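No experiment lies behind these values; they were computed from the predicted model shown.
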Amino acid sequence: MNPINTSVRRRIAAAAVLIVFVFVLYSLRLFQIQIVEGDKYAELAARSTVTEVPISAARGEILDRNLRPIAINQASYSVVFDYAFFPRGRSEEKEREKNEIILSLTSLLAEANEEWNDTLPITGSGPYAFEADREKSVAALKEHLNMAEYATADNCMTQLIKKYMLSDYTPEQQRRIAGVRYEMELRDFALKNPFTFSDDVSKDTTMTIKEHNQSYPGVDVQATPVREYQSGEIAAHLIGTVGPLYPEEYAELKDKGYALNDVIGKGGIEAAAEGYLRGTAGVRSLVKNSKGVVVEDAVTTEPVPGNSVILTLDMELQAAVQEYLAATIGELRSTPGTLKGQDVRSGAVVALDVKNGGVLTCASWPTFDLSTYKENYDALLADADRPLFNRALNGAFACGSTMKPGVALTALTEGVITGDTRFTCQRVFKKWPDYQPTCMGYHSSLNVVDAISRSCNIFFYNTGFELGIDKMNRYSSLYGLGQKTGIEIGEAEGVLASPAVRESKGLLWNPGDTVSAAIGQSDNLFTPIQLAAYCMMIANDGVRYKTHLIDSVRSYDGKTVTPIEKEVAAQAQWSQTAIDLVRQGMVNCTKGSGTASRSFSSAPYTVAAKTGTAEVSKTRSDHGVFIAYAPVENPEIAIAVLLEDGTSAPSTALGRKVLDKYFELRDQRASAGSDDTTAATGADNSGETAGDAAASPDASAGASAAPIAYRREQEE
């Protein structure tokens with residue numbers, strides 16, 4: 001036998017055996033796949049994609065210091081478009097389906113007087129125009145449509161009509177459908193991003209949609225939490241609102257896990273505490289087969305609600321203070337006479353916890369109702385009294401003689417004056433022949449204690465002249481005047497009078513402006529919360545805390561409470577002698593011949609105070625300003641009261657009411673065993689609240705050397 005043929009036959013046989021082996025192996029594997037694990041692999045074949053869709057978490061609640069609810073969540077219903085079942089495609093038929101669903105839903109909601117999400121910045125009917133104050137949205141629309149900057153609203157609508165195939169509809173219908181379709185694109189409507197067509201729909205609307213669900217493919221009604229504000233008008237300026245996440249906001253927040261259909265805080269505490277209030281989204285998994293049909297829809301991760309935010313606010317005190325403030329302004333406006341506060345424009349009251357800078361109350365008049373804010377927004381904007389403007393935090397006003405305790409502390413610390421320093425008041429300050437500002441009376445020889453209690457301008461003209469504006473301002477900045485106080489929500493900076501400020505206006509600083517600034521005039525403009533923080537610093541012997549509204553954060557299950565630590569904003573190195581002298585002057589202000597004695601002589605608690613009057617116009621009443629802290633032995637509360645064109649006496653009387661209410665509530669809670677009160681000193685509301693007597697101020701002498709923008713420099 002040929003050895004070569006034998007070798008070939010062996011190789012062929014080996015190859016055959018290998019082929020048979022492989023064939024058997026594959027057959028066994030095929031048997032396993034088709035028979036043994038057939039169901040498993042059939043299911044895998046049908047499952048082509050798994051998409052995770054975020055589930056919004058409930059927002060945390062906002063409570064006051066006594067755990068009274070301010071902003072909570074109520075069960076509501078939202079109409080949501082689900083991409084997995086909503087008509088898709090760009091054919092004329094599919095576009096018609098989408099448009100008919102949207103038109104039917106908008107008609108249904110319009111009949112029920114309910115709203116849907118539509119931020120298209122074009123008016124509702126022709127001739128079309130861009131909506132006012134929507135410049136950014138208009139620019140975004142033009143960019144979205146690839147249109148020139150000069151494109152008109154009609155040009156944009158023409159493009160939208162073409163894009164969404166709306167030519168067969170009426171102009172009103174075109175605008176409605178285009179608004180929703182554009183919104184869907186802005187919010188990136190997709191499998192991962194369901195589109196919320198409408199929030200907080202009524203039960204009747206919900207039932208109608210469910211009853212006709214065959215007409216609304218891909219339209220779902222979901223139970224969702226909706227924000228409800230329990231406070232109404234109480235602290236409306238502070239709480240803020242929530243609203244949809246706009247595309248421009250999403251660009252900044254998407255990396256933090258936000259989705260385009262999320263709701264975020266739009267102002268106040270709602271915005272400032274967004275990081276605490278926002279929960280953690282859950283996950284909904286959608287499994288689709290190779291034909292795009294959803295074969296499984298399940299929640300794989302439950303959402304986690306946001307944390308509760310506990311505020312420093314005392315809502316019971318806040319409500320009372322707002323009532324007192326509104327009543328005071330109402331009484332002034334209804335009193336006959338001229339330039340005695342009848343033309344009062346607005347008012348504000350701020351009360352701080354002396355021990356940590358927490359805001360106990362922060363009232364601004366006029367106010368508004370947070371629960372009807374959205375519906376009444378246009379009317380609120382048009383109101384001449386500007387109810388949306390928070391005077392307590394953003395209003396900057398001349399403070400008058402409430403500046404004097406700080407100037408005294410500065411002068412005593414710098415050694416410019418001592419407790420024995422005396423100046424004689426003969427009503428007119430005669431340092432210059434052509435500018436001679438005046439005082440309210442003839443106080444004869446006064447020391448610093450009497451000058452504070454009786455509010456003698458002449459004493460502080462001399463003191464300010466000796467100090468100079470630079471030293472005064474260095475300390476005033478330390479006191480937080482003309483600076484933000486640190487509160488979590490927006491506030492104004494105010495203005496601290498100086499040569500630089502005057503120069504920025506193209507004007508000159510004169511020597512007379514320095515003495516004017518020493519009594520809180522000249523260009524000094526401070527916010528009520530700055531004045532309250534300054535008063536807190538005096539109460540704390542030189543320690544000024546950063547003001548804050550958030551007291552603590554509580555986990556959604558209530559198991560963990562994280563307090564917000566107090567923070568020292570500044571500390572003044574006053575001598576004990578300076579502190580004692582100024583405190584005595586402020587205490588004497590409420591006694592005997594002191595300017596606040598008529599309101600506080602019967603007070604059952606000890607109080608250190610300073611009144612203030614500031615003229616900003618010859619044709620309007622003076623501002624009334626009042627600061628105080630109490631009790632003097634162990635200070636708990638510091639307040640600032642401002643009545644814009646409301647005169648001094650009513651602001652002092654209002655301050656008495658505020659302090660009375662604070663001690664009344666404190667003592668009630670102490671007797672009831674409340675944990676958040678301190679030992680009572682005793683208080684009632686029987687004290688006199690009539691305004692302090694205030695003489696009509698005389699016109700000041702002034703000539704060529706008088707300071708520019710001069711305001712009256714006299715006190716009650």
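- The backbone N or O of Thr119 lies less than 3.5 Å from a partner atom in the side chain of Arg134, making a donor-acceptor pair.
- To the nearest 0.5 Å, the span separating CG on Leu525 from CD on Gln530 amounts to 10.0 Å.
- Summarising the local packing, CZ of Phe86 is surrounded by more than 12 heavy atoms from other residues, nucleotides or ligands at distances under 6.0 Å.
- Looking only at atom types and distance, the side chain of Tyr258 has no donor-acceptor partner in the side chain of Glu252 under 3.5 Å away.
- Atom CD in Gln159 sits 8.0 Å away from atom CG in Asn146 (nearest 0.5 Å).
- Side chains of Glu644 and Ser346: a donor-acceptor N/O pair is present below 3.5 angstrom, by distance only.
- In this structure, Lys210 and Thr205 have side chains that are not in contact, with every pair of non-hydrogen atoms separated by 4.5 Å or more.
- Summarising the geometry of Thr241 relative to Tyr229, their closest heavy-atom pair is CA-OH, 3.3 Å, with the distance given to 0.1 Å.
- Glu491 places no side-chain N or O within 3.5 Å of a backbone atom of Lys484 that could act as its donor or acceptor partner.
- Using a cut-off of 4.0 Å between Lys/Arg side-chain N and Asp/Glu carboxylate O, Asp385 and Arg333 are scored as salt-bridged.
- Between Phe389 and His237, a ring centre-to-centre spacing not shorter than 6.0 Å is recorded.
- Of all heavy-atom pairs between Thr280 and Ala57, the closest is O-CB, 3.4 Å.
- A donor atom on one side chain and an acceptor atom on the other are not found under 3.5 Å apart for Glu115 and Ser198.
- The closest side-chain heavy-atom distance from Glu270 to Ile62 is below 4.5 Å.
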Begin from the C-alpha positions of Arg90 and Glu95 and carry the test salt bridge (charged side-chain N to carboxylate O under 4.0 Å, His left out) through to its verdict. CA-CA 6 Å; Arg90 289 288 296 156; Glu95 289 295 306; 3.0 Å; yes
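- A donor-acceptor pair under 3.5 Å links the side-chain atoms of Arg175 to the main chain of Ile122, judged by distance alone.
- The closest side-chain donor-acceptor pair between Asp557 and Ser555 falls under 3.5 angstrom.
- In this structure, CE in Met315 is found 9.5 Å from CZ in Arg68, a value given to the nearest 0.5 Å.
- Counted by atom type alone, Asn155 and Thr152 present one or more donor-acceptor pairs between their side chains at under 3.5 Å.
- The backbone N or O of Ser371 sits less than 3.5 Å from a side-chain atom of Asp369, completing a donor-acceptor pair.
- Here the closest heavy-atom approach between residue Gly558 and residue Arg554 is recorded as CA-CG, 3.8 Å.
- Residues Asn193 and Arg187 bring no donor and acceptor atom of their side chains to less than 3.5 Å of each other.
- Between the side chain of Lys98 and the main chain of Gly89, a donor-acceptor pair closer than 3.5 Å is present.
- Between Thr106 atom OG1 and Glu172 atom CD the span is 9.0 Å, to the nearest 0.5 Å.
- Atom CD of Glu143 has 12 or fewer neighbouring heavy atoms from other residues, nucleotides or ligands inside a 6.0 Å radius.
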Before giving the answer on side chain to side chain contact (heavy atoms under 4.5 Å, CB included), spell out for Val309 and Leu63 the whole-Å C-alpha distance, their side-chain angles and the decisive distance to 0.1 Å. CA-CA 6 Å; Val309 171; Leu63 312 171; over 6 Å; no
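- Inter-residue side-chain proximity for Trp116 and Arg176 is flagged as met; some heavy-atom pair is nearer than 4.5 Å.
- With rounding to the nearest 0.5 angstrom, the OG1 atom of Thr367 is 7.5 Å from the CD1 atom of Ile234.
- A donor-acceptor distance shorter than 3.5 angstrom exists from the side chain of Thr312 to the backbone of Val359, with no hydrogens or angles considered.
- Using a 3.5 Å distance cut-off with no hydrogens or angles, the side chains of Asp204 and Ser202 do not pair a donor with an acceptor.
- The closest donor-acceptor contact from the side chain of Thr547 to the backbone of Ile487 lies under 3.5 Å.
- A 6.0 Å sphere centred on CD of Glu323 holds no more than 12 heavy atoms belonging to other residues, nucleotides or ligands.
- Side chain of Gln322 to backbone of Glu233: a donor-acceptor contact under 3.5 angstrom is found.
- A centroid separation of less than 6.0 Å is found between the aromatic rings of Phe189 and Tyr83.
- Counting heavy atoms from C-beta outward, Leu360 and Arg65 have side chains that approach closer than 4.5 Å.
- Judged by distance alone, the side chains of Gln318 and Thr361 do bring a donor and an acceptor atom under 3.5 Å apart.
- Summarising the local packing, OH of Tyr77 is surrounded by 12 or fewer heavy atoms from other residues, nucleotides or ligands at distances under 6.0 Å.
- Side-chain polar atoms of His144 and Glu185 form a donor-acceptor pair below 3.5 angstrom.
- Leu393 has its side chain out of reach of Thr485: every pair of non-hydrogen atoms, C-beta onward, lies at least 4.5 Å apart.
- Side chains of Ser308 and Tyr556: a donor-acceptor N/O pair is absent below 3.5 angstrom, by distance only.
- Side-chain N or O atoms of Asn73 include one that pairs as donor or acceptor with a backbone N or O of Arg59 at under 3.5 Å.
- To the nearest 0.5 angstrom, Leu186 atom CG is 11.5 Å from Leu245 atom CG.
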